[in-house]
Amino acid sequence: MRALRKTARSPGAALVEIPVPTPGEDEVLVRVHAASICGTDLHIYDWNEWAQGRIPAVPMTFGHEVAGHVEAVGSDVRHVQPGAFVAAETHIACGQCSTCRTGREHICERLKILGVDTDGAFAELVVLPAHNAWEVGAGIDPDVASIMEPFGNGVHAAFGTGGGEDIATNPVVVIGCGPIGLFAVGITRSLGAWKVIAIEPNAYRREMASAMGADLLIDPAAEDPVAAVHAATNGQGAEVVLEMSGNARAIDQGTRMLARGGRMSLLGLPEGAVSLDLNDQVIFKEARLQGITGREMFRTWQQTTTLLSTGRVDVSPVITHRFPLERFEEAFATTASGRSGKVILSPGLDG
Ligand SMILES: [Zn+2]
Ligand SMILES: [Zn+2]
């Protein structure tokens, strides 16, 4: 089969021919219909400092946001059968550590990531633990199914650990409108936020945020976003801030635009330590700052399935490009350009 692999510890990737992998007894073999490109994949492709330290071994196949048909299952697999159309949860949990056994597999102490620690999905076929195969069901376009994983990041951030009861009727801010931020705009809109305020310096992405249902767009390069959020919320600030940018200055601003008693969920990864005014912006406001990673397994997948299959969130404005696997160089350049939403690679598309 063809697979897009890192063949050397250096920038780039190679489309090579490798044997079809055999699923183990608790694994499934999936024929890839669509695999979308994530920021993580771009880091691996560019071979930045993070990737150099994080990727354990090459050669390896990368790519993790994937949907496709189950082609074969191992002898212990019960919950999916060949022919099923599945999307992949990319957090591979051990199932045994105390974190896993108390229902938080997505932050497993021995967590592995598909396409980072294991061979991934930019290929014609991929092997997954059967536990990680989520049956997509009716109502979700097969091309859209590959974005269920990053969409789930947006869902998990929006609901937080409190169940998202603070979204409906309240002002919500989304900082950073890459694909997950754009999904979060649509999700919080559909959960009944009073106002969804999107903060994003890139005009192309602000336009997509508007298509996803943002009520107010703020360009933080042109105006003070803290003042703009207060002006739009009768001086109260935002009950919920979803931080998707990882930008240190934006994180600080996020705490300042947060209402008293509000909740800020942080998903964007800053490059280093971030300094915050904890006294006035967190402690005296009784603000709650919550880290968000991955998706709850599998509550988030149920929520994601409902939001997408009922059409409550239409992600079509965010899916901007599709390429066959052999045009991967163009696909990565498009992802890096700042003028794209989600870029999907499909092994079955004609070049
Ligand atoms: Zn990803
Ligand atoms: Zn574990």
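Counting starts at 1 for both ligands and their atoms, following the listed order.
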Can you measure from CZ (R299) to OG1 (T304) and round to the nearest 0.5 angstrom?
10.5 Å
To 10°, measure the NE2(H64)-the Zn ion (ligand 1)-SG(C38) angle for me.
110°
One thing to verify: whether E239 and R263 come together as a salt bridge, which I'm taking to mean a side-chain N less than 4.0 angstrom from a carboxylate O.
no
For W301 and E89, what are the C-alpha separation, side-chain angles and deciding distance, and is it a side-chain hydrogen bond (donor to acceptor under 3.5 Å, both in side chains)?
CA-CA 8 Å; W301 283 88; E89 166 53 55; 2.7 Å; yes
So what does the C97 SG - the Zn ion (ligand 2) - C108 SG angle come to, to 10°?
120°
Just to the nearest 10 degrees, tell me the angle at the Zn ion (ligand 2) spanned by C94 SG and C100 SG.
120°
Using 2.8 Å as a strict upper limit, say whether an N, O or S atom of D41 approaches the Zn ion (ligand 1) that closely.
no
Interatomic spacing from OG in S190 to CG in L307 - rounded to 0.5 Å:
5.0 Å
How far apart are the C-alpha atoms of R206 and E200, what are their side-chain angles, what is the distance that settles it, and do they pass the salt bridge (Lys or Arg N to Asp or Glu O under 4.0 Å) test?
CA-CA 6 Å; R206 279 201 306 278; E200 167 60 51; over 6 Å; no
So which of the N, O or S atoms of E65 lies nearest the Zn ion (ligand 1)?
OE2
